[in-house]
Amino acid sequence: MKLSPAISQYVMPSEHCPAPEVRAADLPDISAVKITDLFPEIPKGYLHNEGIDFIRQATEEALSRVDMRMIKPEHSVNILCSEHGFYLLEGMHYLEMLKAIKDVVFERTGCRRITLKLAAGMGYRESNEIISQFNLKDHFNGRVRPICAFDRGIPIETEIGTLYGLAGAYDADWIIHAGHDEPRDLYFYRMIDRLLKAFVMSYARFETRSVYHGNFGNRSCAFLQRAMFDAPFVQEKFTFGCFLRLTPAGVTGVAASNNLYRLGEEITVDLLRDYGKMLRLFAEIDDCIAILDGGRYGYYLHAGGIVFGCLENVRYDAFDLSQPAALAYFDLLGRMAKGENEKMEHIMFVNPALKAVVINQAWPGIPMAGLPLEIPTFVVGEKMIEITRMDAANPSFMDLSEPAEDLPQAMAMAKEAAGTDKVLVFDGSFGYINLSAPLAETLFQKAPGVKEQVEKKFLPLWLKQRGIDPAQI
Amino acid sequence: MRVVNYISQVDETKCTGCKRCEIVCPPAAIKVINKVATVDSEKCLACNKCWHVCPEDAVSIVPRETELIVGVDFEEVDAEAIEALCRKAHFFPEQFVCACTLTLAKEVAAAIIKGAKTPEAVTAMTGVRSGCAIYCMGPILRMLKAHGIKIEAPDTHRWYDLSLSLWDVPTAVAEKHPEYYLKDDQTEFNE
Ligand code: SF4
Ligand code: SF4
């Protein structure tokens, strides 16, 4: 079992949740395990401290295979990007890819009216912070605008009826979809058409996001993203997609194509294989305490490339499309609250291995209200407690959680409540996981069996269910 | 039920009366009157939307002097009527329709039976959509329509009439795209 000293790799600082005095990585019982020590076959990528120069070259190379002839010098182009890209390994790789896209499009087409449209999860405050911290105005000659779910919409006629996009996303002659392939909260779309999701989330009005999450199942909602992307209005503006590629072990490169369905299949094979192993490994954890520790939404903080939200539901194999569980996220807590246990196999509930959660640092604003209903939750320090108390998206959260003065005190309380010393830190890490030694031991024990199961049993099933034959790609 | 301990406060010296806050406010608690945004303390649910969109940084969220409690007592409404409305709109009455306030479908149904006719009224009565406000609009509109209420979307982009759901998918479309499990999900949900 190879343990290294814990490595700090915190996502960008934020005025919305100031950094705590003690970091999880500073705790004496926290060490780091490399992803490639657990799964040597997962492609090793570049990490946050290993340079970003290769990104420009990788972007130029990927774009050399893309047709841009539809863009004329007098046209306008929107590069559509999302806030989450700036979460990934401190965001510099994503930024470099966006800058390279702008430069290549100008060089090849002569078009100067290229605007970066930055979509944020909840409102302008997140985007404005990113615009300033990453100097986006300088990098894009002032042509950068935030777009948010509450902005003016535009009706888009689709095969399934009218959906609403954001007018600001589509107010140019052409659009470029500039994303990343990190799977995020995959149980919400079950890894169907990964590359199209932003068309019904980031680039769409809140009503569209609402029907996607609230009015469809977690498998069938994926049809909405296809319907939106295939809509004539979107297709008339769409040029190509360009994506930062990651494995749980870091940034591996950039992929681009005019054909998102074809590229999506290629990427899906890798995502199912690499993230599938990490997820099934996390599913083998029998008990643990999670620490959320980074200046971004807690739900989306990474440990070894897997977001905390996935740990919450990892007992269900969301990649398995025959799995009826995880049908409707909102269904779960109502039934739990009422104590109805019949037909629970249809309902996703929180991973019973998650015995306690410690919130050392996390942005407010994303719903996690159900968490402290079911799991002992500890919030660290006066500032974080006040932020949590004021969080409109989690109005009862602090009433149900325990306050702690500092991180060591919170950990002592959590360990007593949880009865375990297995600790998993969500602090934005790719390439390695910060964790306690007893948990590292479990992961090393389980990894070989998980590798075999995924490669021999699960991966062929997951691919077959999606109609993907790797030999044809 | 939602307990509200904070309230939006407008700095009149900064406010330009641009109405951006008014357009996004879920319970219609903030309105521009005489060119200045004014907050109705009986309605503000401290959802932060006005704070997010104000270009002048004129809005702060501050503690309330006394807490505001919003919620509909579904015991006061005929239980069979609530059940029937939820079922008609394809909801399990005990399911949460808002991931932030954890408002149950039956509470939204009770508010509508008690007279709420718009999404704003549902929000003001129940507190639903006072969190992230992203995910619960579709379910609210579904429930209003199932009660026979004619939806008239506002002139501004406050909200658009979109309540499309799994049950609106034509059979031909569902059959054309089996890879999206549309029919399977319809069956699962109905069960
Ligand atoms: S958004 Fe700000 S400036 Fe505009 S009306 Fe509201 S408070 Fe005033
Ligand atoms: S309900 Fe929300 S948007 Fe409306 S005034 Fe209060 S904080 Fe502002």
Side-chain angles (χ1 to χ4, degrees), chain A residues 121-125 148-153 155 159-164 192 205-220 222-224 226 321 324 327-335 337-338 340 343 346 365-367 369-370 373 389-390 392-396 466-467, chain B residues 2-6 23-24 45-49 51-53 55 61 92-102 104-105 127 130-142 156-157 159-166 168-170 173-174 177 179-182 184-186 188-189 191:
Chain A
M122 297 301 152
Y124 291 125
R125 298 273 170 166
C148 117
F150 302 95
D151 287 349
R152 195 163 60 79
E159 185 180 359
I160 205 171
T162 308
L163 296 173
Y164 290 87
I192 306 174
R205 277 275 300 185
F206 70 89
E207 297 88 349
T208 302
R209 302 181 196 202
S210 172
V211 299
Y212 180 75
H213 277 327
N215 284 4
F216 282 74
N218 287 350
R219 300 177 296 192
S220 46
F223 182 65
L224 293 173
R226 179 197 177 120
L321 298 179
L327 265 179
Y329 181 65
F330 299 156
D331 219 290
L332 119 89
L333 292 161
R335 293 203 181 195
K338 199 164 177 254
E340 283 199 5
K343 288 187 76 70
H346 285 69
I366 200 126
L373 269 180
R389 216 181 278 292
M390 288 186 71
N394 297 289
S396 52
R466 287 163 183 79
Chain B
R2 166 101 155 82
V3 181
V4 187
N5 290 304
Y6 296 88
I23 289 172
V24 298
L45 302 172
C47 74
N48 299 335
K49 294 285 160 295
W51 172 77
H52 262 290
V53 300
I61 304 295
F92 177 65
E94 303 293 331
Q95 88 181 70
F96 289 139
V97 291
C98 175
C100 302
T101 58
L102 305 182
L104 300 176
S130 65
C132 73
I134 298 269
Y135 303 121
C136 38
M137 192 60 162
I140 293 171
L141 288 171
R142 253 164 82 189
T156 63
H157 59 272
W159 52 267
Y160 299 106
D161 179 10
L162 180 59
S163 59
L164 177 75
S165 79
L166 190 53
D168 300 320
V169 179
V173 173
H177 301 286
E179 67 277 28
Y180 293 97
Y181 294 81
L182 291 151
D184 308 66
D185 274 6
Q186 282 172 347
E188 296 283 359
F189 273 93
E191 279 179 15

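A, B, ... follow the sequence lines: proteins, then strands. Residue 1 opens every chain. All figures in this text were calculated on a predicted structure; none of them were measured in a lab.
For A/Leu224, the part lying under 4.5 angstrom from a heavy atom of chain B is the side chain only. For B/Ala133, the parts lying near chain A are the backbone and the side chain together; criterion is any non-hydrogen pair under 4.5 Å. Only the side chain of B/Val24 comes within less than 4.5 Å of a heavy atom in chain A; its backbone stays farther off. Proximity to chain B involves both the backbone and the side chain of A/Ile160, based on heavy atoms less than 4.5 angstrom apart. The contact between A/Thr162 and chain B is made entirely by backbone atoms, counting heavy-atom distances below 4.5 Å. Proximity to chain A (any heavy atom under 4.5 Å) is shown, for B/Asp184, by both the backbone and the side chain.
Looking at heavy atoms from C-beta onward, B/Ile134 lies in side-chain contact with A/Phe150 at the 4.5 angstrom threshold. You'll find the side chain of A/Cys148 stays beyond 4.5 Å of the side chain of B/His52, heavy atoms only.
In terms of non-hydrogen atom pairs under 4.5 Å with chain A, the most contact-rich of B/Ala105, B/Gly127, B/Ser163, B/Pro170 is B/Ser163. Most heavy-atom pairs under 4.5 Å with chain A, from the set B/Cys47, B/Ala174, B/Cys132: that is B/Cys132. Comparing A/Arg125, A/Glu207, A/Arg152 by how many heavy-atom pairs each has under 4.5 Å with chain B, the most go to A/Arg125. Counting heavy-atom pairs closer than 4.5 Å to chain A, the top-ranked of the candidates B/Glu179, B/His177, B/Met137 is B/His177. Ranking A/Pro155, A/Ala149, A/Gly153, A/Ser396 against chain B, the residue ahead of the rest is A/Gly153, based on heavy-atom pairs under 4.5 Å.
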**Request:** Evaluate side-chain contact (heavy atoms from CB on, under 4.5 Å) for A/Phe223 paired with B/Tyr181, printing each intermediate quantity in order.
**Result:** CA-CA 9 Å; A/Phe223 182 65; B/Tyr181 294 81; over 6 Å; no

**Asked** Taking it one step at a time, do A/Phe216 and B/Leu182 satisfy side-chain contact (heavy atoms from CB on, under 4.5 Å)?
**Response** CA-CA 9 Å; A/Phe216 282 74; B/Leu182 291 151; 4.2 Å; yes

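When every heavy atom of B/Gly138 is checked against every heavy atom of A/Val211, the shortest pair comes out as CA-CG1, 4.3 Å. The shortest non-hydrogen separation linking A/Ala369 to B/Ala99 is CB-O, 3.5 Å. A/Leu163 and B/Leu164 get closest at one heavy-atom pair: CD2-CD2, 4.0 Å. Among all heavy-atom pairs drawn from A/Ala392 and B/Ser130, the shortest one is CB-O, 3.7 Å. The minimum heavy-atom distance linking B/Leu166 with A/Ser220 is given by the pair CD1-OG, 3.5 Å. In plain terms, the two heavy atoms of B/Asp185 and A/Arg219 that are nearest each other are OD1-NH2, 2.7 Å.
In this view, A/Arg209 satisfies the salt bridge (charged side-chain N to carboxylate O under 4.0 Å, His left out) rule with no residue, not counting sequence neighbours.
Note that CZ of A/Phe206 is 9.5 Å distant from NZ of B/Lys49, once rounded to the nearest 0.5 Å.
B/Tyr160 and A/Arg205 share no donor-acceptor pair across their side chains, judged by distance under 3.5 Å alone.
Between the side chain of B/Ser165 and the main chain of A/Asn215, no donor-acceptor pair closer than 3.5 Å is present.
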